[in-house]
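Take a look at the structure below.
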2 protein chains.
Amino acid sequence: MLDTQMFFDKNRSAGYLVNHMARLFARELQARIAPLGLSTGTFPALLVLWETEGLTQRELVAALDIEQATMANTLTRMERDGLIVRRGDAADGRVQRVWLTPRARALRDPAVTAANTVNEAALGPLSKAERETFIDMMSRIIATRGTGRGPGDEPEGRQAAADG
Amino acid sequence: MLDTQMFFDKNRSAGYLVNHMARLFARELQARIAPLGLSTGTFPALLVLWETEGLTQRELVAALDIEQATMANTLTRMERDGLIVRRGDAADGRVQRVWLTPRARALRDPAVTAANTVNEAALGPLSKAERETFIDMMSRIIATRGTGRGPGDEPEGRQAAADG
DNA sequence: AAGCATTGCATAGCACGCTATGCAATTGTA
DNA sequence: TACAATTGCATAGCGTGCTATGCAATGCTT
């Protein structure tokens, strides 16, 4: 299958590989936490709430870099599934604070174990040192957020088509 | 925000970081290809079809590690949007072969340029050498698929037993 | 106090990924 | 040739992410 004229090699494209990796991680995590009654979308919210309950939706959004509407929907599912309750803030009528149910609190240890297991398995092919490097690189990429420029900052457009 | 008793640091969790990165990449790519009338889900399929038209759905699925049902839905959207046509195979009545429209063919260069731009921007914080390392690491992780064994180590066996 | 702007959240609608399931066409087998 | 198994694809239903929008509560300005 050796493509002779490769104009774009997806298997050397960071974006494609990141997407593929993310799907693999999600599949693995899903398989391991489904038995607990959890799903991949609720997991990050739980991670934050296991640290600190009573956060507002806005605070959760900021902690996870998720859009507000996405978080609202996720919390609705979590409430439906008996993981959280939303209670209005006494001082501010707009605010809904999020509290874990006993069930959600009890799921912390098995869920974290599942996540650790997935991470360990996925990083299996990397050495200890490489794992640190890998995580550092991802942190830097995320921290930088592709902020090379903003739209309208510069004519932009070109750039060597031959991905080097 | 210095968590005192950190039982699980999501910002050092490969799974969390991979998911976060994937969302950032997708946001960037979406912003750059939406003006072309493309979306992130169609992009991988187009990459394959720009190389070789007339593939079957099964072949596309294999090329992209996407579930068959996901591909069927993606192709339906692509057909709706005038990017592809599905034509039945003459020799096998089950098979639908996928062909690009002239419009889709014309989008190749601008779309690839957009993807390259996103990749370059995202990998900005990494040196040239680090980018290679990063891509190699991702390739290894994907190749190993979190099974704990090396590629080709043993004849399969994840949990496919359960799904028939 | 009145009026406008902002904030916090909900809802609608869609893309895209998944599992489960159904069905027609083909292949393999008795 | 009949009939069971397999293959290729479609559909249903759902989770998770996004943008766009609406609305009530609050804050700010005068």
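Just so we're on the same page: letters track the sequence lines, and every chain starts at 1. Only a predicted model underlies this, so the values are computations on that prediction, with no experimental measurement involved.
Within the structure, a side-chain polar atom (N or O) of B:Q57 is placed less than 4.0 Å from OP1 or OP2 of D:dA10. For C:dC18, the OP1/OP2 oxygens have a side-chain nitrogen or oxygen of A:R27 closer than 4.0 Å. For A:R58 and C:dG8, the shortest distance from a side-chain N or O to OP1 or OP2 is below 4.0 Å.
Judged by distance alone, the side chain of A:R97 and the main-chain N or O of A:D89 form no donor-acceptor pair under 3.5 Å. In this structure a side-chain-to-backbone donor-acceptor pair under 3.5 Å is missing from A:E28 to A:V118.
Of the residues near DNA chain C, A:E59 and B:T42, the one whose nearest nucleotide (by heavy atom distance) lies more toward the 5' end is A:E59.
The interatomic distance linking A:I66 (CD1) with C:dC9 (C1') rounds to 16 Å, in whole Å. Put simply, CG on B:L29 is 14 Å from P on D:dT19, counting in whole angstrom units. Taking atom CZ of A:R86 as the reference point, atom C1' of C:dG8 lies 12 Å away to the nearest angstrom. Following rounding to the nearest Å, B:E28 (CD) and D:dC18 (C1') show an atom-to-atom distance of 14 Å. One interatomic measurement links the two molecules: CZ of A:R23 to P of C:dT19, which rounds to 11 Å at whole-angstrom precision. Rounded to whole Å, the distance from CZ on B:R94 to C1' on D:dT7 is 4 Å. Rounded to an integer number of Å, the gap from CG of B:L75 to C1' of D:dG8 is 13 Å. Atom pair B:D89:CG and C:dA25:C1' shows a separation of 12 Å (rounding to whole Å applied).
For B:V95, the listed nucleotide lying nearest its side chain is D:dC9; candidates were D:dC9, C:dG8, D:dT26.
In this structure, the side chains of A:R108 and A:L47 stay at 4.5 Å or more apart for every pair of heavy atoms.
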Identify each atom pair where a protein N or O and an N or O of nucleotides 11-15 of chain D are less than 3.5 Å apart, giving names and distance.
residue: D:dG15; atom: OP1; partner: A:R80; partner atom: NH1; Å: 3.3
residue: D:dG15; atom: OP1; partner: A:R80; partner atom: NH2; Å: 2.9

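Contacts of A:E67 with the nucleic acid, taken as non-hydrogen atoms under 4.0 Å apart, include base atoms.
The distance from atom CG of B:N19 to atom CE of A:M21, rounded to the nearest 0.5 Å, is 11.0 Å. Atom-to-atom distance recorded for B:Y16:OH and A:I142:CD1 is 7.5 Å, nearest 0.5 angstrom.
Among pairs with a residue in residues 109-124 of chain A, those fulfilling side chain to side chain donor-acceptor pair (under 3.5 Å) read A:N119-B:S13, at least two apart in sequence or across chains.
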>> Let's go through B:V48 and B:E59 carefully: what are the C-alpha distance in whole Å and the side-chain angles of both, what is the deciding distance for side chain to side chain contact (heavy atoms under 4.5 Å, CB included) to 0.1 Å, and is it a yes or a no?
In response: CA-CA 10 Å; B:V48 175; B:E59 288 168 331; over 6 Å; no

